[in-house]
Amino acid sequence: APAAPSLYVVGCGVLGRATCRLWREAHPGARIIGETASTASHAELERLGATPATRAARGTPAKCANVLFCAPPSAYGDEEYAAEVTEAARTCWDGSGAFLMASSGGVFAEDAGGVVDEAGATLDTPRARKLLGAERAALAAGGAVVRLAGLYTRDRGAHGYWYKQGEVRAAGDGSLLNFLHYDDAAAFAVYGLAKRLRGVSGASPALAVTDRGGSGGVSTTGSSSSSG
């Protein structure tokens with residue numbers, strides 16, 4: 001029987017660990033490597049059946065067929081982030097499977113409740129330029145990009161802000177706040193890697209973005225699509 005497809009997760013935080021768990025469930029015999037900046041979460045990675053690694057020791061484990069890059073942009077300078085994506089593709093990916101970068105729906109310029117898709121206009125802010133530069137690096141390396149919006153778990157996410165506001169009224173068009181659970185984002189990552197998606201895809205319950213006081217909320221007035 002052919003070997004189970006291997007997975008290398010760069011920046012193995014909440015999303016990365018959820019992806020490791022789902023990958024292990026789908027591919028029990030697969031080699032999974034979870035790379036982090038420190039060793040703080042390595043015991044948890046081992047419990048998930050992944051081999052922990054650090055960025056400083058990269059190159060020690062063999063390359064994998066599939067790579068998920070989900071390291072946060074905040075950890076890198078403006079030019080460093082794109083270079084890190086390029087380096088991850090070069091040093092972690094053997095090219096036989098898929099390379100997927102987790103980006104953000106926050107790059108979209110729409111903020112008035114309109115429906116957007118992957119071709120929607122993007123912002124020209126320092127953070128958006130950093131993300132878009134990294135997206136271009138992923139595409140240039142032969143990989144794909146998924147833009148995620150409104151990520152949350154029970155204890156993490158912008159919903160904590162809204163819980164404290166008491167009653168939250170819908171916008172005039174009836175739209176509501178919507179968020180994407182990390183487990184659902186991980187499921188899309190597993191799907192995207194398995195299907196070897198190309199180009200830029202959106203993964204969100206909706207990509208109709210409405211600014212609610214900078215909370216990062218997403219309205220439910222539109223649906224995301226996949227360009228793969």
Checklist entry - Is there a donor-acceptor contact under 3.5 Å from the side chain of E118 to the main chain of G202? => result yes
Next on the checklist: Let me check something: do L45 and V67 share a hydrophobic cluster, defined by ILVMFWY side-chain heavy atoms less than 4.5 Å apart, either directly or through other members?
Outcome noted: no
Checklist entry - Taking atom SG of C64 and atom CG of L193, what is their separation to the nearest 0.5 Å? => result 11.0 Å
Checklist entry - Of all residues at least two apart in sequence or in a different chain, which pass the side chain to side chain donor-acceptor pair (under 3.5 Å) check with R17? => result E44
Which pairs of donor and acceptor atoms, one on a side chain in residues 133-140, lie under 3.5 Å apart (sequence neighbours left out)?
| unit_1 | atom_1 | unit_2 | atom_2 | d |
| --- | --- | --- | --- | --- |
| E135 | OE1 | R147 | NE | 3.4 |
| E135 | OE1 | R147 | NH2 | 2.8 |
| E135 | OE2 | S103 | OG | 2.6 |
| E135 | OE2 | R147 | NE | 2.9 |

Next on the checklist: With clusters defined by side-chain heavy atoms of hydrophobic residues (ILVMFWY) lying less than 4.5 Å apart, directly or transitively, does L123 cluster with Y81?
Outcome noted: no
Checklist entry - Which pairs, with at least one residue in residues 95-104 and sequence neighbours excluded, count as a salt bridge (charged side-chain N to carboxylate O under 4.0 Å, His left out)? => result none
Next on the checklist: Please report the interatomic distance CD1(I33) to OG(S6), rounded to the nearest 0.5 Å.
Outcome noted: 7.5 Å
Checklist outcome for this item: Interatomic distance, CG@L68 vs CG@L15, rounded to 0.5 Å, equals 6.0 Å
Next on the checklist: Under the salt bridge (charged side-chain N to carboxylate O under 4.0 Å, His left out) definition, can you give me all pairs with a residue in residues 18-28, not counting sequence neighbours?
Outcome noted: R21-E25, R21-D183
Checklist entry - So if you build clusters from Ile, Leu, Val, Met, Phe, Trp, Tyr with side-chain heavy-atom gaps below 4.5 Å, do V190 and L151 land together? => result yes
Checklist entry - Distance from M101 atom CE to E84 atom CD, nearest 0.5 Å? => result 11.5 Å
Item to check | From OH (Y8) to CG (N66), nearest 0.5 Å | outcome: 14.0 Å
Item to check | Pairs satisfying salt bridge (charged side-chain N to carboxylate O under 4.0 Å, His left out), at least one member in residues 65-75, at least two apart | outcome: none
Checklist entry - With sequence neighbours left out, what residues match E87 under salt bridge (Lys or Arg N to Asp or Glu O under 4.0 Å)? => result R90
Next on the checklist: Using 0.5 Å steps for rounding, measure from the CG atom of L100 to the CG atom of L197.
Outcome noted: 7.0 Å
Checklist entry - Tell me, which pairs form a ring-ring contact (aromatic ring centres under 6.0 Å, His included) where one or both residues lie in residues 86-105, sequence neighbours left out? => result W93-F99
Checklist entry - Sequence neighbours excluded, which residues qualify as side chain to side chain donor-acceptor pair (under 3.5 Å) partners of Y182? => result R156
Next on the checklist: If the threshold is 4.0 Å, N to carboxylate O, is there a salt bridge linking D78 and R129?
Outcome noted: no
Checklist entry - Sequence neighbours excluded, which residues qualify as ring-ring contact (aromatic ring centres under 6.0 Å, His included) partners of H42? => result none
Checklist entry - Can you name the residues that form a salt bridge (Lys or Arg N to Asp or Glu O under 4.0 Å) with D94, not counting sequence neighbours? => result none
Item to check | Qualifying residues under salt bridge (Lys or Arg N to Asp or Glu O under 4.0 Å), relative to R127, sequence neighbours excluded | outcome: none
Item to check | For E79, salt bridge (Lys or Arg N to Asp or Glu O under 4.0 Å) partners two or more places apart | outcome: none
Checklist entry - Can you get from L180 to L22 by hopping between Ile, Leu, Val, Met, Phe, Trp and Tyr side chains that sit under 4.5 Å apart? => result yes
